[in-house]
**Student:** 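I'd like to ask you about the structure that follows.
Predicted model only: the values in this text are computed from it and were never measured. One is the number of the first residue; the rest follow in order along the sequence.
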Amino acid sequence: MAQEFKLELDKRSDTGSKAAKNYRSGGSIPGIFYSANHEAVSFIIDRGHLHHALQSDVHVYAISVKGKKLHAIFKEIQYHPVTEEITHVDLFGVSLKDKIDIVVPIVVEGEAAGVMTGGILNQNTTELRVRCLATEVPDAVRIDVSELEVGYSIHVEDLDLEGVEILTNPDITIVSVQVPREEIIEEPELEEELEAEEVEEGEEAEAQEEGESDGGEKSESK
């Protein structure tokens with residue numbers, strides 16, 4: 001079940017791209033908090049504290065906005081396209097009494113029986129979209145594949161999460177064990193063989209041309 005992690009936010013006085021760049025240079029990440037019942041509030045958060053929060057496996061965070069204790073989830077996290085460093089975050093306010101839609105990670109556990117007999121384990125999706133109370137958000141959906149044999153798979157419809165409604169398409173395959181494909185390796189023809197074929201084709205074409213030429217001369221002599 002969801003645990004609570006308190007995010008330490010500082011009020012952001014300056015806005016704009018230049019100010020955001022200065023904040024990031026100083027070790028802080030700019031962000032904005034908004035919800036259906038509160039006006040948007042700009043803030044900054046320490047980069048190290050943010051990474052710690054994201055690695056905590058917590059989905060619902062306690063925050064303080066204008067002296068009032070609220071709860072929020074990360075709605076969006078923006079990354080730099082080259083360095084992949086976090087550049088901006090959006091927090092969305094939620095009520096602990098209301099259900100929310102959220103994406104949680106899928107964690108595959110165990111070694112599939114089919115893999116031990118030569119099969120290959122394929123995980124087709126790593127996330128699951130669910131709807132539940134903010135206090136009931138699972139840190140992850142854990143799937144035990146130890147009994148999965150070659151040719152068998154686990155679909156979204158096979159999951160049963162207490163108190164959690166699964167919104168992801170039930171037909172989607174999450175994980176499967178497949179027979180490895182045999183690689184067909186074609187041996188390249190030797191360079192000598194290619195050259196011999198080219199010479200042979202050239203000789204045949206030359207002989208054909210000479211034959212046509214001889215035939216033409218004989219017809220003229222008649």
**Student:** Testing the 3.5 Å rule here: is there a donor-acceptor pair between the side chains of H155 and T173?
**Tutor:**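 Looking only at side-chain atoms, T173 and H155 do form a donor-acceptor pair, the distance falling under 3.5 Å.
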
**Student:** Minimum heavy-atom separation for A53 to Y61, with atom names?
**Tutor:**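 Taking A53 first and Y61 second, the nearest heavy atoms are O-OH, 3.1 Å.
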
**Student:** Check whether any side-chain heavy atom of T117 lies under 4.5 Å from a side-chain heavy atom of V150, and answer yes or no.
**Tutor:**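 Heavy-atom side-chain distance check passes, below 4.5 Å.
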
**Student:** Go through the steps for V41 and K11 under the test side chain to side chain contact (heavy atoms under 4.5 Å, CB included), then give the verdict.
**Tutor:** CA-CA 8 Å; V41 177; K11 186 178 179 181; 5.8 Å; no

**Student:** Is any side-chain heavy atom of V156 closer than 4.5 Å to a side-chain heavy atom of N169?
**Tutor:**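 The answer is no, as the side chains (C-beta and beyond) never meet within the 4.5 Å cut-off.
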
**Student:** Is the shortest side-chain heavy-atom distance between Q123 and I106 below 4.5 Å?
**Tutor:**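 They are in contact (side-chain heavy atoms under 4.5 Å apart), so the answer is yes.
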
**Student:** Out of D158, V145, V108, L159, which residue meets the side chain to side chain contact (heavy atoms under 4.5 Å, CB included) rule with I174?
**Tutor:**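 Going through D158, V145, V108, L159 one by one, the side chain to side chain contact (heavy atoms under 4.5 Å, CB included) with I174 is satisfied by L159 alone.
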
**Student:** Under the criterion side chain to side chain contact (heavy atoms under 4.5 Å, CB included), I'd like the reasoning laid out for L167 against V130: C-alpha separation, chi angles, the key distance, then a yes or no.
**Tutor:** CA-CA 5 Å; L167 303 179; V130 301; 5.7 Å; no

**Student:** Heavy atoms, side chains only, cut-off 4.5 Å: are K68 and L70 in contact?
**Tutor:**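 Yes, at least one pair of side-chain atoms sits under 4.5 Å.
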
**Student:** Measuring from atom NE2 of H88 to atom CD1 of I32, what distance do you get when rounded to the nearest 0.5 angstrom?
**Tutor:**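 If we round to the nearest 0.5 Å, H88:NE2 and I32:CD1 are 6.5 Å apart.
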
**Student:** Should the pair Y34 and F92 be assigned to parallel (<30°), tilted (30 to 60°) or perpendicular (>60°) ring geometry?
**Tutor:**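 Y34 vs F92 ring planes: perpendicular.
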
**Student:** Are L133 and L96 close enough that some pair of their side-chain heavy atoms sits under 4.5 Å apart?
**Tutor:**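 In short, these two side chains do not touch, never coming nearer than 4.5 Å.
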
**Student:** Report yes if the distance between the aromatic ring centroids of F43 and F33 is under 6.0 Å, otherwise no.
**Tutor:**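 They do not qualify: ring centres at least 6.0 Å apart.
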
**Student:** Hey, is the main chain of R24 close enough, under 3.5 Å, to the side chain of R47 for a donor-acceptor pair?
**Tutor:**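 At least one qualifying donor-acceptor pair exists.
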
**Student:** Suppose we call two aromatic rings close when their centres sit under 6.0 Å apart. Are F74 and H59 close by that rule?
**Tutor:**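 No, the ring centres sit 6.0 Å or more apart.
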
**Student:** Nearest heavy-atom pair of I86 and I29: which atoms, and what distance?
**Tutor:**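 Taking I86 first and I29 second, the nearest heavy atoms are O-CD1, 3.2 Å.
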
**Student:** Would you name the heavy atoms of S28 and P30 that are closest together and state the gap between them?
**Tutor:**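 Distance-wise, the nearest heavy atoms are O-CD, 3.9 Å.
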
**Student:** Verify side chain to side chain contact (heavy atoms under 4.5 Å, CB included) between L161 and V141, making sure each step is shown before the conclusion.
**Tutor:** CA-CA 8 Å; L161 306 176; V141 176; 3.9 Å; yes

**Student:** For residues P138 and V164, report the shortest heavy-atom separation together with the two atoms involved.
**Tutor:**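 Looks like CD-CG2, 4.4 Å.
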
**Student:** Do you know which two heavy atoms are closest between G163 and C132, and how far apart they sit?
**Tutor:**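 Minimum heavy-atom separation between G163 and C132: O-CB, 3.6 Å.
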
**Student:** Any heavy-atom pair between the side chains of L50 and D46 that's under 4.5 Å?
**Tutor:**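 Counting from C-beta outward, D46 and L50 never come under 4.5 Å.
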
**Student:** For a 4.5 angstrom cut-off between non-hydrogen side-chain atoms, does V137 reach V104?
**Tutor:**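 With C-beta onward as the side chain, the pair touches.
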
**Student:** Consider only side-chain heavy atoms of I, L, V, M, F, W and Y, link residues closer than 4.5 Å, and tell whether Y79 and V89 are in one cluster.
**Tutor:**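 Both belong to a single hydrophobic cluster.
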
**Student:** For a 4.5 angstrom cut-off between non-hydrogen side-chain atoms, does V115 reach I120?
**Tutor:**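 With C-beta onward as the side chain, the pair stays apart.
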
**Student:** Spell out, yes or no, whether I143 and M116 are grouped together once hydrophobic residues are joined by side-chain heavy atoms under 4.5 Å, including indirect joins.
**Tutor:**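 Different clusters.
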
